[in-house]
Amino acid sequence: MKNFNIPKILQRPTPLLRRLSGALALTILGTSAGNAIASCEYTINNDWGSGFVASVQVSNDTAQAVSSWQVQWQYSGDNRLVHHWSSELSGNNPYVASNADWNGTLQPGQTAEFGFQGTASGIVEIPQLTGSLCDGGSSSSGGSSSSSSSSSSSSSSSGSSGGTSSSSSSSSGSSSSGSSSGASAENLYSLASFPIGVAVSAGNENRSFLSLPEKQVSIAQHFSQLTAGNIMKMSYLHPQENTYDFANADQLVDWAETSGIGIHGHTFIWHSDYQVPNWMKNYSGDFQAMLNTHVTTIAEHFAGRVDSWDVVNEAIDENQSSCYRNSLFYQRAGSDYLSEAFFAADAADPGAELYYNDYDTEGGNGNKLNCLLQIVDGLLADGVPIDGVGFQMHVQIDWPSTSQMRTAFQAIVDRGLKVKITELDVPVNNPYASTPFPQHTSYTPEVAALQKARYKAIVATYMDVVPPQQRGGITVWGLWDGDSWLLDFNSRQGVDDWPLLFNGPADGPYEEKAALNGVAEALLGQ
Ligand code: 9MR
């Protein structure tokens, strides 16, 4: 087995770390200037030039409780907000943020935090803050930042302790104090020490995140890894025997790199008819040698820029006595095509984690799981450089059971391999259930709660069964509900569903769903 590189996720500073370093800089500044501690602080949590995620910390540094607060600011350039959380926001530059109904009450010394995502064109500003708890001083250390990795902050200091505090309130609303407030998923990825990924459309695809700034901010806020939903598949990257087309994939990888986000490559080899390029179907030479060149060329091209690969996707057919799907690859090269692909990928990019990826292996289909284990055991016995197993996990709301998932994950853990959830989605309607389909025709709060519980249970099972060093990550198969492949899937056509973590039609606006908090809660062990 090869040595693992330090996963890129661990090299990426978390927003919490970035925020702490900003706060430290601010304290030193305040001390040397002899100022009071800042009451309102603006922190850039993530900045990738064309967008940003920022937050404001509102502290009650007065001697009395307050029952509400308000912060105003205006960008001098073209920064504009597209999404916000934990405050009531109004205006369009200038902006006014008022407390939400649950974080208005601040006892002396308490801090509330609210956040937002915005667009920019190169310069991400730190504006001056004014407001009930911010007044009395001007913002310090203003300026702007366009760096993609550093965080900046500035504050408005409270010169007088009087401020505009109101008398204490009997409201039962609790205040938030920084990033660890309950299960609010401020930055989902920062809650995990392994990649939290999302599949995206890119290149010339409809709904490409590269042409939707709202998607970019949301991805940067919550995810630490991207999988191309399509554009890194065989027919996209290798359309002719002697032609590789990396332009669209490179654009995706460039964006991720600039944003401090990793890439999970999907996939060198997949039988699916329309993903196999026609020239390959008709290839008359040494098929295995050709396949090795295919894997080697792609792996070398992206070497050092991807965290991991699905080396082979969906090679199993549990109805065959061999367990191998009777694919073009199996027909032309026999079962060895699988191990050959891992050896070729490992030689070309020794730093990437290499996965075998499949669906329905998470326990509900025992025969398929048995086939998976049989094949994996064969690979291990042959010294094949496989690092882990990808469980796609296109599950149902009620299938399979978490105890079945537990068994499947455990079997891979026992073999010393990593477990990665690679394509998670949870539709609320199950066409295979005994109850009439669709079970739900609208996304009511009850349905949202049901889905949240299911997401939470899946992630909790993963956390429980898979030890930290064997967690390859969790990726959701699409960003907004409207992006999901399930909406076009045969058995579901014409039936609405809401399988992902964000609500959102084709061009936004979108909303975070309860399911997102379900994942956050499970990551936090709540
Ligand atoms: O989500 C993908 C969809 O847009 C494509 O049309 C389809 C065929 O390329 O592939 C979908 O993604 C599949 C993934 O590559 C492999 N596992 C099953 C996924 C859903 O079908």
Side-chain angles (χ1 to χ4, degrees), residues 12-27 37-48 51-61 69-75 79-91 93 95-100 102-104 106 110-120 124-131 133-134 139-145 147-156 175-191 214 216-223 259-260 512 516-517 520:
R12 185 183 179 202
T14 68
L16 182 59
L17 280 178
R18 283 176 282 185
R19 192 175 302 125
L20 285 174
S21 58
L24 185 63
L26 185 71
T27 306
I37 295 171
S39 287
C40 297
E41 183 177 349
Y42 186 105
T43 304
I44 297 173
N45 304 111
N46 201 347
D47 164 6
W48 56 98
F52 61 95
V53 173
S55 55
V56 170
Q57 295 76 37
V58 183
S59 298
N60 180 5
D61 290 329
W69 47 261
Q70 201 174 70
V71 181
Q72 293 111 38
W73 70 97
Q74 183 165 16
Y75 299 104
N79 291 196
R80 293 294 179 269
L81 304 189
V82 290
H83 185 51
H84 69 280
W85 56 96
S86 301
S87 77
E88 301 289 342
L89 192 78
S90 59
N93 205 41
Y95 293 97
V96 181
S98 307
N99 58 277
W102 50 270
N103 64 357
L106 294 180
Q110 275 195 314
T111 299
E113 178 173 301
F114 62 93
F116 36 86
Q117 304 166 5
T119 55
V124 172
E125 291 179 53
I126 299 180
Q128 179 171 338
L129 303 174
T130 57
L133 289 174
C134 315
S139 76
S140 64
S141 73
S144 63
S145 155
S147 142
S148 62
S149 58
S150 66
S151 151
S152 313
S153 66
S154 87
S155 68
S156 291
S175 63
S176 118
S177 57
S179 63
S180 59
S181 56
S184 116
E186 186 185 319
N187 299 96
L188 197 61
Y189 75 82
S190 69
L191 307 180
E214 255 196 296
Q216 295 173 27
V217 287
S218 179
I219 289 167
Q221 184 189 348
H222 287 296
F223 297 98
S259 307
E512 294 173 358
L516 185 75
N517 282 339

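Positions are given from 1 along the sequence.
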So, taking the atom named [atom1] in [X] and the one named [atom2] in [Y], what distance separates them when rounded to the nearest 0.5 Å?
X: Leu133; Y: Cys40; atom1: CG; atom2: SG; result: 6.0 Å
X: Glu41; Y: Cys134; atom1: CD; atom2: SG; result: 11.0 Å
X: Ser39; Y: Asp61; atom1: OG; atom2: CG; result: 4.0 Å
X: Ile44; Y: Ile126; atom1: CD1; atom2: CD1; result: 4.0 Å
X: Asn517; Y: Glu512; atom1: CG; atom2: CD; result: 7.5 Å
X: Thr119; Y: Arg80; atom1: OG1; atom2: CZ; result: 8.0 Å

Problem set entry | For Ser87 against Ala97, the heavy-atom pair lying closest together |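 Shortest heavy-atom contact: OG-CB, 3.8 Å.
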Seminar exercise, completed: For Pro127 and Gln74, the nearest pair of non-hydrogen atoms, with its separation, is CB-O, 3.5 Å
For this session: Could you walk me through whether Leu106 and Trp69 pass side-chain contact (heavy atoms from CB on, under 4.5 Å), step by step?
Result: CA-CA 9 Å; Leu106 294 180; Trp69 47 261; 3.8 Å; yes
Problem set entry | Working for side-chain contact (heavy atoms from CB on, under 4.5 Å), residues Thr43 and Glu113 | CA-CA 10 Å; Thr43 304; Glu113 178 173 301; over 6 Å; no
For this session: Could you please spell out the steps behind the side-chain contact (heavy atoms from CB on, under 4.5 Å) verdict for Tyr95 and Asn93?
Result: CA-CA 5 Å; Tyr95 293 97; Asn93 205 41; 3.8 Å; yes
Exercise. Do we see a donor-acceptor contact under 3.5 Å between the side chains of Ser218 and Gln117?
Worked result: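 The answer is no; no qualifying pair exists.
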Problem set entry | N/O donor-acceptor pair under 3.5 Å between Asp47 side chain and Val124 backbone |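 No; zero donor-acceptor contacts below 3.5 Å.
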Problem set entry | Polar side-chain atom of Asn187 near backbone of Gln221 as donor-acceptor pair, under 3.5 Å |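 Judged by distance alone, yes, a pair lies under 3.5 Å.
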For this session: For residues Asn79 and Phe52, determine if any side-chain heavy atom of one lies less than 4.5 Å from a side-chain heavy atom of the other.
Result: yes
For this session: Compare all side-chain heavy atoms of Phe116 with those of Val56 and state whether any distance is below 4.5 angstrom.
Result: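 Yes; the side chains approach each other to less than 4.5 Å.
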For this session: Assess whether side-chain contact (heavy atoms from CB on, under 4.5 Å) is satisfied between Asn99 and Phe114, documenting all intermediate values.
Result: CA-CA 8 Å; Asn99 58 277; Phe114 62 93; over 6 Å; no
Exercise. Tyr75: what forms a side-chain hydrogen bond (donor to acceptor under 3.5 Å, both in side chains) with it, not counting sequence neighbours?
Worked result: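 For Tyr75, the residues satisfying side-chain hydrogen bond (donor to acceptor under 3.5 Å, both in side chains) (neighbours in sequence not counted) are Tyr42, Trp73.
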